[in-house]
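Chain identifiers are assigned alphabetically (A, B, ...) following the order of the sequence lines, protein sequences preceding nucleic acid strands; residue numbering begins at 1 within each chain. These numbers come from the heavy atoms of this one structure, side chains and all, not from hydrogens, waters or symmetry mates. As the structure is a prediction and not an experimental result, all values here were calculated from the model.
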Amino acid sequence: MSHDKKYIVIWAALLVALFVSLGLGQFVGNAAVVGTIFVIAAVKAWLVVAEFMHLRLEARWLQLVFAGALAAIMAFVIGITPDVAHHWSVIPPKPEAAADAVVVAKKPLEPGNVERGGKVYGTYCVGCHAVDGKANGGTTGANFVDDTTRLAKTDAELLTSIAEGKTGTIGTMPPWKGALTEQQRVDALAYVRATFGAK
Amino acid sequence: MSHAHAAPLPEERTSTGVATGKVALWWFLASEVAIFGGLIMSYVVCRLAHPEWAEEAAHTVSAAGALNTVVLLTSSLFAVLAHSAATHGDMKKASNLLFATVGGGLVFLCVKAYEYHHEISEGFTPVASLFWGFYFFMTGLHGVHVVAGMTALTWAALKARKNEAPWAVEYTGMYWHLVDVIWIFLFPLVYLASAS
Amino acid sequence: MSHDAHPQSFISKYVFSTDHKTIAKQYMITGLFMALFGGAAASAIRTQLAAVEPGGTGGFLDPQFYNSVVTMHGTVMVFWVAMPVLVAGFGNLLIPLMVGAEDMAFPKLNMASYWVFLLSTVVLLISPLVPGGGAAGGWTSYPPLAADPALSGVEWGITLWILAVALELVAFLMGGINFITTAINMRAPGMSMWDLPLFVWEEVAASIVFMLSVGPLIAGAVMLLLDHVAGTHFFDPKMGGDPVLFQHLFWFFGHPEVYVILFPAFGIVAEIITCHARKTLFGYKMTVWSVIATSLLSFVVWAHHQFIAGIDPKISIPFSVMTILISVPVAVGMFAFMATLYKGSIRFTSAMLFALGFFACFLLGGVTGIINGTAAADIYIHDSYYVVAHFHYTLYPLVFMAGPAGLYHWFPKMFGRFMNETLGKVHFWGSMVFFNLIFLPQFNLGMMGHNRRLAVPTNYEFLSTPEALLMQDISTWALFGLLAFQLPFVWNFFHSMFRGAVAPANPWNATTLEWQCPSPPPHGNFDTPPVVYRGPYEYSPEGDGPDFIAQNQPPEGQHEVPQNPLVSPHAAK
Amino acid sequence: MLHYLPFQLSSFAGDIDQVIRVIYYIVGTWFVAAEVILFWLIFGSRSKPGVRAAWLPGTGRAKWAVLAPVCAVLACDLIIEKASSPTWEYVKLDIPHPDVEVKIEARQFAWIFTYPGKDGILGTEDDLVAKELHVPVNKKVVFHLEAADVLHNFYVKDLRLKQDAVPGRSIKGWFDTNTEGTYEIACAEICGKGHTLMGSKLVVDSNEAYQSFLAAL
């Protein structure tokens with residue numbers, strides 16, 4: 001039963017390696033420690049694959065099969081690390097609420113100003129709702145002119161669908177609270193009511 | 001034909017001297033390495049991009065992870081002892097050792113279930129953040145493979161008890177070792193690299 | 001070996017058969033059936049592009065539906081036509097026959113792979129019928145568009161699409177294990193790895209490349225599915241996820257995938273030109289090494305699909321160099337095939353015509369790829385019609401020229417009957433003319449800056465010029481010509497199955513083992529297990545002996561060598 | 001095919017066209033040569049009665065009949081790589097000092113351009129927002145390309161500029177212009193329902209027209 005004794009010895013070695021890396025686990029701060037932990041993990045993995053799975057005794061080309069899979073994954077990680085790991089040119093996701101709070105704190109909310117609203121509409125809303133407010137015949141957005149139910153809704157209701165966005169029958173209205181301040185949204189609504197809807 | 005112990009092969013025909021079943025199994029293990037490798041490397045790369053995950057990772061129960069490593073290593077030992085028992089023809093002992101391996105898998109799943117319960121009760125669900133998404137997906141997929149390994153081992157143990165398909169002892173054991181190797185890499189990545 | 005099969009009911013003989021030849025036919029017929037869907041999607045796209053008028057009017061497809069038709073066209077053609085016909089169809093049919101085995105290493109696993117594939121086909125065909133329409137993010141379905149239903153307006157369509165692709169990948173993993181183990185371990189006695197026909201080498205290389213590269217995509221597809229269904233944030237930029245990570249996961253598989261399609265087509269063409277030019281393959285070992293080199297290189301080039309996709313421009317340089325280098329081993333293969341024709345004695349059967357047509361068109365496909373691989377030129381060329389023309393000049397010859405070439409060549413072996421030669425030539429010349437007419441104008445459209453996947457390109461003035469509209473119209477009329485010339489093939493294929501001229505066992509006087517057994521081969525393939533004495537391409541050897549020597553023909557003055565102990569004992573019963 | 005290349009508006013448009021032209025001629029000669037040889041082989045080696053094919057296994061030194069042209073392919077590849085990498089660095093890597101800085105934001109089915117306003121710093125309160133991209137002629141413009149929801153692609157054919165906008169990333173790039181006029185901006189990455197409607201205008205003004213445009217914002 002000499003084989004069995006060898007396996008038990010290997011098993012014990014694996015446990016020792018585990019406790020060593022557990023011990024190292026306390027000061028994960030510096031990279032050297034993390035490096036040694038992964039080297040220990042690699043050694044443990046090799047022990048299991050070579051001894052328990054008898055890869056060491058297999059034909060050479062079978063070892064190549066296993067090595068081939070590892071090589072493919074190494075090629076993958078080397079290829080993506082510079083891009084995804086260092087997150088070239090990433091912008092840290094800034095919390096959206098902050099944008100609103102800054103503006104409101106300064107200026108109290110004025111009633112909707114049609115002239116300023118026209119500029120906001122002309123920049124952000126015209127892409128889908130079009131200059132004439134008909135949204136290319138209602139295909140890319142709500143058609144304010146022909147579909148009178150749209151502007152029949154209350155201001156509060158329309159302001160929430162501008163801020164939070166809405167998924168309707170035609171498609172999805174993106175939420176604008178990140179890009180537009182509350183004042184701009186009120187102005188835009190005032191412009192839309194003034195130019196397209198009956199007051 | 002292949003090793004000294006020459007257990008009867010599932011396929012009588014082999015041109016390379018290696019049992020066809022074993023060739024197929026090594027290819028299957030290679031594709032498993034590719035799947036788990038892709039997933040673990042995506043996690044590693046995202047981890048390099050988000051150093052702040054160390055705080056989130058601190059909420060994982062390292063002790064449970066270590067215990068699970070011990071459990072899996074021990075059940076791997078049982079699997080390899082079962083294989084060496086089968087090669088010496090003692091199928092009864094091999095079958096018992098295989099059942100012990102399945103027992104190890106059960107213990108692993110129970111510890112895992114406790115861990116999941118503990119984490120989810122604290123509000124760390126897969127949708128909580130990207131780290132938890134990776135954590136639950138990796139350990140969950142590994143858990144699925146543990147269950148698959150346990151069913152295969154149980155089938156092999158029953159066959160071994162009836163002295164049939166002795167090759168199954170070795171092949172299910174090898175699949176179990178791969179599941180153990182994947183856990184050997186998962187443990188430091190998720191549990192250890194966390195104590196900030 | 002070929003014991004008279006125990007009486008099988010229709011079901012177990014044709015539907016739940018574990019015979020690799022029947023599974024091959026099932027794969028091929030499912031693939032050709034799905035080609036109808038791919039063709040229909042193509043004609044919808046082309047008709048829309050020809051119907052649009054300047055000013056953005058005239059289009060009859062709603063933009064969202066157009067995007068989903070483009071997505072289905074790409075997905076169906078790559079995963080449900082190219083893979084089943086080239087990899088699984090010919091692979092299942094020929095690998096056991098060419099290595100002299102009675103069946104695949106694991107017949108039940110082989111049958112299971114077809115049934116998982118059929119399930120994936122059904123799931124895919126359902127996906128456009130659900131509310132919200134089919135997936136509409138291109139065949140690559142990048143997140144966040146594919147991950148967030150609110151952004152794409154497609155809920156169930158994308159879920160079913162991802163499931164269908166995942167099932168299809170699992171089916172080909174099962175098939176791949178069978179191909180590799182059969183080719184490596186079930187070879188006839190006396191057949192060393194260097195006696196394998198090139199087709200078997202290419203199929204094994206395709207299966208290995210597929211198996212090792214699909215791992216990350218399976219993980220990526222499940223992550224995308226979880227993002228889409230369960231609300232996790234793997235690729236959600238607002239929660240720190242990274243959409244570019246999915247692009248890497250996809251294209252790490254995406255580029256090796258096109259070599260998985262290229263290898264079987266190269267294998268088919270190699271078998272056909274050697275047989276019909278009566279000449280041995282020029283530089284067999286060199287060509288095998290070029291296949292291995294292409295396989296290795298195919299793992300390190302994937303980011304040339306993402307030069308301007310927002311990745312770090314510094315890593316585009318190594319990928320651009322590797323992409324240009326991969327043209328070298330592929331060039332070795334192509335030049336070796338052309339050198340094989342030199343001083344040959346070419347018989348212009350339909351199969352040979354298609355193989356030569358494949359060369360002529362694939363040359364242009366390969367040559368126009370260099371510009372995409374060069375990072376600087378790709379800035380302008382990326383996602384333009386130039387790229388569309390390039391990959392159609394590579395994929396169309398692989399699937400619709402090497403595929404039919406293989407069908408005309410091995411049809412007598414599959415069904416024991418010839419396909420009609422004159423219809424074959426009509427099909428060849430018609431497809432050849434109209435295929436070129438479709439895609440040559442698209443090179444010019446690409447240079448003009450026409451970008452892909454636009455439902456109504458005439459919304460832009462620079463795409464409403466008379467030249468652009470003329471080229472779109474030529475492309476569309478040529479497509480209808482091409483579809484018309486596929487009819488003779490479809491009729492010829494099904495008609496000849498039952499009424500084609502009866503074919504002998506070795507109609508083309510070929511040397512490889514699959515022609516040394518009756519056609520169609522019985523259940524166990526070979527009456528007596530073949531023993532192999534020489535390499536696969538012994539055509540017109542020196543001296544004035546017979547025109548070819550089969551692989552299993554014993555050398556003169558020596559009768560059959562007694563069984564090699566390695567041969568399966570149960571055969572000796 | 002090359003005469004379809006559009007007008008060269010930016011300085012690097014000429015360089016990119018030059019790279020395309022170099023590749024076109026090298027690759028074109030290979031293609032024509034290969035086709036001619038292919039058709040010569042087909043026609044020359046057709047089966048003639050009583051003539052038997054030759055036995056050319058292509059082993060030993062005969063391999064060089066294939067390996068020699070392959071080495072020539074490798075040489076051409078290296079020439080192409082040599083010709084194209086400086087252009088890649090010029091366009092993508094060395095971002096010049098900006099005369100004008102602008103933030104380009106792509107969102108589902110519209111382009112939004114933000115100018116730094118009087119304080120000259122982007123992201124401050126006095127930024128000016130426009131629906132069309134106005135730039136002064138002969139000036140270097142550095143843009144920060146962002147996407148609000150899905151992948152988009154900022155594409156101006158006359159500039160030969162095509163750059164994906166990735167949500168979560170702010171990608172820095174540059175271009176300059178040499179002629180006044182209005183040019184079309186298109187989206188070149190599938191971004192959903194309105195992908196085909198996402199056009200906008202790049203207006204190249206003289207300096208005065210540019211200043212008056214900013215003032216009117």
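For the atom pair NZ (D/Lys162) and CD1 (C/Ile308), the distance works out to 6.0 Å, reported to the nearest 0.5 Å. Note that CG of C/Asn444 and CG of D/Leu2 are 9.5 Å apart. Values are rounded to the nearest 0.5 Å. If you take OH on D/Tyr24 and OG1 on C/Thr368, they are separated by 12.0 Å, rounding to the nearest 0.5 Å. Between the CH2 atom of D/Trp55 and the CD atom of C/Glu542 there is a distance of 7.5 Å, given to the nearest 0.5 Å. Rounding to the nearest 0.5 Å places NZ of C/Lys279 at 4.5 Å from CG of D/Leu56. The CD1 atom of C/Ile371 lies 9.0 Å from the CD1 atom of D/Ile80; values are rounded to the nearest 0.5 Å.
Of the atoms belonging to C/Leu363, heavy atoms from both backbone and side chain fall under 4.5 Å from chain D. Of the atoms belonging to C/Thr140, not a single heavy atom falls under 4.5 Å from chain D. Contacts between D/Ile16 and chain C at a heavy-atom distance below 4.5 Å involve the side chain alone, from C-beta outward. In this structure, the portion of C/Pro243 lying under 4.5 Å from any heavy atom of chain D is its side chain and not its backbone. Heavy atoms closer than 4.5 Å to chain D are found nowhere in C/Pro329, neither backbone nor side chain. Looking at C/Phe307, the atoms closer than 4.5 Å to chain D (heavy atoms on both sides) sit in the backbone and in the side chain alike. The contact between D/Leu93 and chain C is made entirely by side chain atoms (from C-beta outward), counting heavy-atom distances below 4.5 Å. Of the two parts of C/Ala455, the backbone and the side chain both hold a non-hydrogen atom closer than 4.5 Å to a non-hydrogen atom of chain D. Contacts between C/Asp544 and chain D at a heavy-atom distance below 4.5 Å involve the backbone alone (N, CA, C, O). Contacts between C/Ala309 and chain D at a heavy-atom distance below 4.5 Å involve backbone atoms as well as side-chain atoms. Residue contact with chain D, scored on non-hydrogen atoms closer than 4.5 Å, involves the backbone of C/Arg452 exclusively. The contact between C/Tyr386 and chain D is made entirely by side chain atoms (from C-beta outward), counting heavy-atom distances below 4.5 Å. Both the backbone and the side chain of C/Glu538 come within less than 4.5 Å of a heavy atom in chain D.
Ring geometry, C/Phe335 versus D/Trp30: the interplanar angle falls under 30°, so the pair is classed parallel (tilted spans 30 to 60°).
Side-chain atoms of D/Gln108 come within 3.5 Å of backbone atoms of C/Leu151 as a donor-acceptor pair (strictly under, hydrogens ignored).
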